[in-house]
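Shown next, in structure tokens, is the structure this report addresses.
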Amino acid sequence: MAKASWPLTLRSERLTLREFVPDDWEAVHRYATLPDVFRYQPWGPNTPADSRSFVAEIMASARVEPRARFALAVTGVGSGSFFGTAEINVRNRDQRAAEIAYVLHPDYWGQGLATEAANLLVAYGFGELGLHRIFATCDPRNVASAKVLRKAGMTYEGRMRAVMLIRDGWRDSDLFSILEHEFSGSNG
């Protein structure tokens, strides 16, 4: 696997994914307190301390060598407005496998921005990190997230039963993936 550059910035037509800075906790906090955002997650609602801790953890993980967690602030091109987090996590270096995840403030849902962020992560994973397999999971009830993963070129592999404990009980997770030979570089 290739050595990652720091600081990392990924760009698309409408998005810039950049390294976190300490003040980003406030923007994280704005979405991490909203029930629609954390509905299918084991975290939330965040306290101010939770949001500060999350950003501090991300910033610390960016300096670990070899870097495995690439958690980036999602901002708008031109405006620089922060409205989410997108990340790719190397889960198995020997097998060249990583997982992607994303979360956006609801004001930015339904505009294709999560798909754009996912595409940036997938392209970075295959192009720069030299990955073989990139996967993601989502709650089966999260139809919008499953749609994002399919648009990012991922294939539905199946359902893992009762893998995460959240507020309303044990959650199943749908598993999606894309392999390096399936990646065209222009998913959309």
Side-chain angles (χ1 to χ4, degrees), residues 1-32 34 36-38 40-41 54-55 58-59 61-62 67-90 96-138 142-156 174 176-188:
M1 285 184 57
K3 181 172 170 59
S5 62
W6 193 94
L8 177 61
T9 302
L10 304 177
R11 289 187 174 86
S12 66
E13 182 179 324
R14 299 182 296 163
L15 299 179
T16 298
L17 277 54
R18 60 155 174 83
E19 300 287 356
F20 274 78
V21 297
D23 288 344
D24 288 336
W25 79 268
E26 293 178 65
V28 167
H29 194 65
R30 281 192 288 278
Y31 65 73
L34 302 174
D36 283 347
V37 173
F38 62 78
Y40 305 119
Q41 302 303 324
F54 173 74
V55 170
I58 285 174
M59 291 176 62
S61 70
R67 188 172 182 181
R69 185 180 188 190
F70 302 83
L72 303 168
V74 180
T75 64
V77 167
S79 70
S81 58
F82 177 115
F83 53 86
T85 302
E87 59 183 288
I88 184 165
N89 293 285
V90 177
R96 299 176 22 228
E99 179 178 15
I100 65 167
Y102 43 82
V103 59
L104 300 182
H105 189 288
D107 290 351
Y108 296 86
W109 291 359
Q111 301 172 42
L113 297 170
T115 301
E116 209 166 307
N119 283 335
L120 284 169
L121 296 173
V122 168
Y124 181 74
F126 290 130
E128 301 300 321
L129 297 179
L131 296 172
H132 168 70
R133 172 186 166 82
I134 298 172
F135 66 95
T137 62
C138 69
N142 193 343
V143 176
S145 191
K147 187 175 178 182
V148 166
L149 297 173
R150 285 186 176 95
K151 284 185 171 185
M154 293 191 163
T155 298
Y156 174 75
D174 283 348
F176 294 81
S177 73
I178 184 171
L179 305 176
E180 63 184 321
H181 73 271
E182 298 168 335
F183 177 66
S184 69
S186 60
N187 296 320

*Rounded to the nearest 0.5 Å, how far apart are CG of Asp107 and OG of Ser81?*
10.5 Å

_Which residues share a salt bridge (charged side-chain N to carboxylate O under 4.0 Å, His left out) with Arg69, sequence neighbours left out_ = Glu57, Glu87

_Atom of Phe183, atom of Ala123 and distance for their closest heavy-atom approach_ = CZ-CA, 3.5 Å

*Check whether any side-chain heavy atom of Met154 lies under 4.5 Å from a side-chain heavy atom of Ile134, and answer yes or no.*
yes

*Residue pair Val28 / Val55, side-chain heavy-atom distance below 4.5 Å*: yes

*Could you tell me which residues satisfy ring pair (Phe, Tyr, Trp, His ring centres under 6.0 Å) with Tyr102, sequence neighbours excluded, listed by chain and number?*
none

*asked:* For Tyr40, give me all partners under ring pair (Phe, Tyr, Trp, His ring centres under 6.0 Å), at least two apart in sequence or on another chain.
replied: none

*Kindly determine whether Glu19 and Thr9 satisfy side-chain contact (heavy atoms from CB on, under 4.5 Å), including the steps that lead there.*
CA-CA 7 Å; Glu19 300 287 356; Thr9 302; 5.9 Å; no

*Does the side chain of Trp25 come within less than 4.5 Å of Ile58's, by heavy atoms?*
no

*Any Lys/Arg nitrogen of Arg67 or Glu128 sitting under 4.0 Å from an Asp/Glu carboxylate oxygen of the other?*
no

*What residues form a salt bridge (charged side-chain N to carboxylate O under 4.0 Å, His left out) with Asp36, not counting sequence neighbours?*
Arg39

*Does Glu116 have any side-chain hydrogen bond (donor to acceptor under 3.5 Å, both in side chains) partners at least two apart in sequence or in another chain, and if so, which?*
Ser12, Arg14

*Specify whether Tyr31 and Phe82 have parallel, tilted or perpendicular ring planes, treating 30° as the upper limit for parallel and 60° as the lower limit for perpendicular.*
parallel

_Gap between atom CZ of Arg150 and atom CZ of Phe176 - 0.5 Å precision_ = 4.0 Å

*Check whether any side-chain heavy atom of Glu99 lies under 4.5 Å from a side-chain heavy atom of Ile88, and answer yes or no.*
no

_On a heavy-atom basis, which atom in Ser177 and which in Arg133 lie closest, and how many Å separate them?_
OG-NH1, 3.3 Å

*For the side chain of Thr75 and the backbone of Thr16, is there at least one donor-acceptor N/O pair under 3.5 Å apart?*
yes

*asked:* Looking at every non-hydrogen atom in both residues, tell me the closest pair between Ala71 and Phe20 and how far apart they are.
replied: O-CD1, 3.6 Å

*State the OG1-CD1 distance between Thr155 and Ile178, to the nearest 0.5 angstrom.*
7.0 Å

*If you take all heavy atoms of Ala118 and Ala152, which pair is closest and at what distance?*
CB-CB, 4.0 Å

*Determine the interplanar angle of the His105 and Tyr108 rings, folded into 0 to 90°, and report it as parallel if under 30°, tilted if 30 to 60°, perpendicular if over 60°.*
perpendicular

*Are any of the side-chain heavy atoms of Phe70 and Leu121 separated by less than 4.5 Å?*
no

*Using side-chain hydrogen bond (donor to acceptor under 3.5 Å, both in side chains) as the criterion, list what pairs up with Asp24, not counting sequence neighbours.*
Arg18

*Where is the tightest heavy-atom contact between Pro106 and Leu34, given as atom of each residue plus distance?*
CD-CD1, 3.6 Å

*Of the non-hydrogen atoms in Leu17 and Ala117, which two are nearest, and what is the gap between them?*
CD2-O, 4.3 Å

*asked:* Can you confirm whether Leu149 sits close enough to Ile100 that some side-chain heavy atom of one is under 4.5 Å from a side-chain heavy atom of the other?
replied: yes

*Under 4.5 Å between any side-chain heavy atoms of Leu131 and Tyr124, yes or no?*
no

*Between His181, Arg96, Glu180, which is the residue that forms a side chain to side chain donor-acceptor pair (under 3.5 Å) with His132?*
Glu180

